[in-house]
Protein chains: 2
Amino acid sequence: MTTQEQLHQWQELAQQLRVDSIRTTTVAGSGHPTSSMSPADLMAVLLCKYLRYDFAHPDNPNNDRFILSKGHAAPLLYSMYKAAGVISDQELLSLRQFGSRLEGHPTPVLPWVDVATGSLGQGLPIGVGVALAGKYLDQLPYNVWVLLGDSETAEGSVWEAFDHASHYSLDNLIAIIDVNRLGQRGQTELGWNTQAYANRAKAFGWQAIEIDGHDLTEIDQAFSAAVAINDRPTVIIARTKKGSGVKALEDLGGWHGKALKAEQEKQAITELGGKRDITITVDKPESQSQPAALGVPQPLQLPTYQKDKKVATRRAYGDALLALGTSQPDIAVLDAEVSNSTYAEDFAEAFPERYFEMYIAEQQMIAAAVGLQVRKYKPFASTFAAFLTRAYDFIRMAAVSRANINLVGSHAGVSIGQDGASQMGLEDLAAFRAVWNSTVLYPSDANQTAKLVAQMSDLPGIVYLRTTRESTPVIYDGKEQFPIGGSKVIHRSHRDQATVIAAGITLHEALKAYDRLKNEGITVRVIDAYSVKPIDVRTLHQAAKDTNGNLVVVEDHWLEGGLGDAVLDAFAGNSTTPAYKIPQLQIIKLAVRDMPTSGTPEQLLRAAKIDADAIVEAVKSQVRQLVGV
Amino acid sequence: MTTQEQLHQWQELAQQLRVDSIRTTTVAGSGHPTSSMSPADLMAVLLCKYLRYDFAHPDNPNNDRFILSKGHAAPLLYSMYKAAGVISDQELLSLRQFGSRLEGHPTPVLPWVDVATGSLGQGLPIGVGVALAGKYLDQLPYNVWVLLGDSETAEGSVWEAFDHASHYSLDNLIAIIDVNRLGQRGQTELGWNTQAYANRAKAFGWQAIEIDGHDLTEIDQAFSAAVAINDRPTVIIARTKKGSGVKALEDLGGWHGKALKAEQEKQAITELGGKRDITITVDKPESQSQPAALGVPQPLQLPTYQKDKKVATRRAYGDALLALGTSQPDIAVLDAEVSNSTYAEDFAEAFPERYFEMYIAEQQMIAAAVGLQVRKYKPFASTFAAFLTRAYDFIRMAAVSRANINLVGSHAGVSIGQDGASQMGLEDLAAFRAVWNSTVLYPSDANQTAKLVAQMSDLPGIVYLRTTRESTPVIYDGKEQFPIGGSKVIHRSHRDQATVIAAGITLHEALKAYDRLKNEGITVRVIDAYSVKPIDVRTLHQAAKDTNGNLVVVEDHWLEGGLGDAVLDAFAGNSTTPAYKIPQLQIIKLAVRDMPTSGTPEQLLRAAKIDADAIVEAVKSQVRQLVGV
């Protein structure tokens, strides 16, 4: 039973959260007070009675996790931190100022924020990832709480989360939808029809509880029911009023993302009973257990492949992942229903307890990877390179979250052959290069792939590996090393007249071109640029110097943003590095320019003019110019 | 009532579709026979009795539309075309061969294919777009049929479509889910639990009909009920067997995407009753009406802005869109619940009948745009640039569909200020450059924006316009022209020692830098590269020649893939164009390198080193080198 004393405490705290959300946004001159006010009662009860969180030790594995999916309600979150005594009133008022930890939307610059939010519809799928970690990896009894706005349920990713949470029986996941009826520009699709939300959630296998989100007793009962259930996730659908507590704002349009002016602020605070400085003690988790041991670390025994054998790099990825998983019990793997193509299936068979099938839901897959790394697991997530584009916003936001995740895209480029353009990843290098703090790797042989996979798990940030469908000859010895940021100069002589730079499938075309050119008396340098980002600037500069500035870059990717642009970029200066200067540097980019069709890999490489013949021709055009022909 | 004769015809046709799906994949040596066999009965009934389609005139506005969302069942689609008498048996057997129209997944290279499929979960949201056109723009009674696989219902985009179709009461939309239970690598999440599908669909406001997908009478009845309803969309949830009709394949794992060998093929065809060559006459639409007239074309009266006034380019976009919409009645506009930020709201108010609110569902928004252009409307779809990343796979596939759509991303770059990194589009130029046949525009002032918007609606392919949140000075006269592929040289003299290339917000920083440098006796050329793709190669080459190869590119975007790379690319050769050679070409790229935070636009431009000071410094570093200091 809820006591009068509790009710009073919660009510007072809720008003404080409202007042503080108003104060901080008014000082900032922007932000979202009204979106922060509607769920204030919900958050007051959560903080006072249900959340188990050790603010002094955010990494305590027993902590509940709280994700503010409606990230624009950041003022509310920061007001909760003030109430919990971990930020001062002074810091609270630094909201949105340059240099403040209190950004316009939450980021992990704050130790209690696990993931950045602000792109709507991401909090719940990430929560699924954390809850998967809690239930299946940590095997600890903490709960994962996610506060959503009602507008964001229009995002399909939210329903991917509903689907997967129920599939994985995530009874440790509790979603709260703040149904304040008003979106940015008007009424939401479903308005206050909480029953419609409840019907959808139930159809997806959840416990759904409809409440008045301003009735503290109903909130208490709903949270209690959510915590008690042990076979399904729970969603609490809370009917609320945007700007609740202040008549001039309550349930009115035109107040989204708008701070109050000084006079309005004064009136509002008065109406809310004035400023308060309540500090509450948030309960720490009762359990002080350690996460389940998922195995004992073993020395890494990477697979090696015999030279000249034909092995697809995706095959080597699967082998290396299995080896890495055997060595490191904190590796977890996800795939989007194509594990028999990406070869994540070998890991899945060996370590089913650390493998999560995400079905055809790439957004949920990336979000789950982000959630798993919140709990310090090292996720590898794979699908066709083309289909990672489905989750580009999640990858972008993972970078804002400073997440450490490993992504693998197979079936890259026209060289996949008959399946046609829809299945060809031709923009993945561009997309991943343009992700903050990313690493982009594109191996050309099986031994190289294994060595790169081994390095991936400990790299920070978003790490992307591009693999090839077709089997290609093993060209490196199993003992060779391939540091990130490096490259391999496969052919080099003092008489090199041009440099061919390639990676992945086109490296093999470059090697064929080398032979043909040599037969015609033209020697070229061949560089395997397996590390597309960071690219090996020094080796490229040296090659440009040594080969009269004649560079040919060839890639199985659109002309824009891929390896060709990475190589060009190596010769540009920036705010810290001067530009590279060499007389007559000339770079030819060979890349895919026309929409590919079906055909054999050979036919398609030829049609795209990225095969050995095209390379030979490009080199000759440079060498001809050089000798003045 | 279904007659025995009809049943026999349907049964025979279904067997033919199965046989042909097997034959064509066996000849190709790859492809998806079993996924084509499970919905064969459904398609036989559709073709014989329900589809209204004039194969001789695919553009007939009264035609029903059919979208094969499970694009890997292309052999079935092509077999249907053979049955309809529009492709020969010989052409059918060209599946997946280089040069054939019958690609591994359907593309609009075939006149009866409206949109490319093969990235799962896209057919239904695109169908929503076509159905919106049918019901609200064309106002014609045709139906839109979409065949989905069961696996693809894991994609959130499918639920965005369920949500929006019901919101817009699309009774002309009929989805058929082929519940064959088996995905690529195993059982789907829901298996044969058709009731679970039905519950979800009903909760989203659809009529849901569960049937045995191999019972022709049940199929007939379900289609009949779907066509009859007039307040809701219908989904038919058909329990089927993958590989149905052939014991060696039926409902068995391990047969996804696998062609039969010759001996297996022979046995299977025998079991299916042998090869057939039935041609059926598909009913043409009864109605021969014209689409509703949505207005009379008017002369275009673009807004103009007074020089030196401060106007945000997003504001000018809204004004120009309204003008364009007034002039062209075939313009339709979509927005993802931020129309008061993108300023699409002005169009929405003026032409509510041509405006579709897509709420916060960017995937559905892009898909709807693709659907609208299937019916020849000219869609403009807008949201924050950052959130267009949510739909990158849809944009990629729109290019494969050869769709003509206009996309507008507002709030680009760190210059949005206080909201923080989650809201900043910093990868949009990279992402859109790497889309086939795309145009990428980034205006710096209001008059330029208006002129570019006016050109967008008639450009083919994916056209992207990037707008700026902040108000910036109007620098161009309202009469100036801005051709696509062009640029504006704002400052030029014979003494230019370097060239600064900018676009959008950074152009204004470049102009400030120009003044400061001039005060110090350094004159620079300033180029407004408003057309990022195609970029104005000639003007860049001329500038490089005239200014000793000293180029500084500055952009409010990550370092990779944006304007800087576009400029670098202008100096690279390719398979058709030789590389540009100039002694001592040196390019400095100024772009965002560190994760931005909150702050004022000025603070963030400065912190990112893309403000006037950074430009001055970069130019000086080049000029110093030049004079040997």
Side-chain angles (χ1 to χ4, degrees), chain A residues 30 96 98 103-105 118-120 151-152 154-157 159-160 167 183-185 189 199-200 203 337 339-340 359-361 389-390 392-393 396 400 418-422 427 430 433-434 436 558 560-561 565 568 572-575 579 581 583-584 586-589 595 597-599 603 609, chain B residues 30 96 98 103-105 118-120 151-152 154-157 159-160 167 183-185 189 199-200 203 337 339-340 359-361 389-390 392-393 396 400 418-422 427 430 433-434 436 558 560-561 565 568 572-575 579 581 583-584 586-589 595 597-599 603 609:
Chain A
S30 67
R96 291 174 162 250
F98 188 69
E103 300 191 30
H105 294 77
S119 178
L120 291 168
S151 282
E152 66 180 302
E155 288 285 11
S157 55
W159 298 97
E160 294 180 16
H167 181 77
Q184 170 172 327
R185 43 129 291 288
E189 278 177 283
N199 287 344
R200 293 180 184 192
E337 232 273 319
S339 59
N340 53 340
Y359 301 92
I360 308 182
T389 57
R390 196 64 157 260
Y392 194 39
D393 191 29
R396 175 184 80 87
V400 185
Q418 287 79 358
D419 271 345
S422 64
E427 54 290 301
R433 281 183 67 234
W436 181 74
W558 295 126
E560 297 86 4
D565 283 6
L568 281 167
N574 55 53
S575 49
K581 279 192 304 181
Q584 299 189 308
Q586 57 168 329
I587 300 183
I588 293 180
K589 283 168 64 178
M595 181 58 73
T597 61
S598 292
Q603 286 169 328
K609 295 194 179 120
Chain B
S30 67
R96 291 175 161 250
F98 188 69
E103 300 190 30
H105 294 75
S119 178
L120 291 168
S151 283
E152 65 180 304
E155 287 285 9
S157 56
W159 298 98
E160 294 181 15
H167 181 75
Q184 170 172 327
R185 44 129 290 288
E189 278 177 284
N199 287 344
R200 292 178 184 193
E337 232 272 321
S339 58
N340 53 340
Y359 300 93
I360 308 181
T389 58
R390 195 65 157 259
Y392 195 39
D393 193 27
R396 175 184 80 87
V400 185
Q418 287 80 356
D419 271 344
S422 64
E427 53 290 299
R433 280 183 68 234
W436 180 75
W558 294 127
E560 297 86 4
D565 282 6
L568 282 166
N574 55 54
S575 50
K581 280 193 302 182
Q584 300 190 306
Q586 59 167 330
I587 301 183
I588 293 180
K589 283 168 63 177
M595 181 59 73
T597 61
S598 293
Q603 286 169 330
K609 297 196 180 115

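In what follows, chains are A, B, ... by sequence order, proteins preceding strands, each numbered from 1.
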Quick one: closest heavy-atom pair of [X] and [Y], and the distance?
| X | Y | result |
| --- | --- | --- |
| B:Lys589 | A:Ala572 | CD-CB, 3.9 Å |
| B:Ile360 | A:Ser151 | CD1-CB, 3.6 Å |
| A:Glu427 | B:Ala434 | CB-O, 3.5 Å |
| B:Ala154 | A:Ala361 | O-CB, 3.5 Å |
| B:Arg396 | A:Thr389 | NE-OG1, 3.6 Å |
| A:Thr597 | B:Glu103 | CA-OE1, 3.6 Å |

To the nearest 0.5 angstrom, please state how far the [atom1] atom of [X] sits from the [atom2] atom of [Y].
| X | Y | atom1 | atom2 | answer |
| --- | --- | --- | --- | --- |
| B:Tyr392 | A:Tyr392 | OH | OH | 6.5 Å |
| A:Glu337 | B:Arg185 | CD | CZ | 4.5 Å |
| A:Ser598 | B:His105 | OG | NE2 | 8.5 Å |

Max heavy-atom pair count under 4.5 Å with chain A, selected residue of [options]:
| options | value |
| --- | --- |
| B:Asn199, B:Val400, B:Leu568, B:Asp419 | B:Asp419 |
| B:Gly183, B:Ser30, B:Gly561, B:Gly420 | B:Gly183 |
| B:Glu160, B:Lys609, B:Glu155 | B:Glu155 |

Top of [options] for chain B proximity - count of heavy-atom pairs under 4.5 angstrom:
| options | value |
| --- | --- |
| A:Gly573, A:Gly599, A:Ala430 | A:Gly573 |
| A:Ala421, A:Gly104, A:Ser422 | A:Ser422 |
| A:Met595, A:Gln418, A:Glu152 | A:Met595 |

Cut-off 4.5 Å, heavy atoms of chain A, and the answer for B:Ser119 is both

The interface call for B:Arg390 against chain A, heavy-atom contacts under 4.5 Å, is both

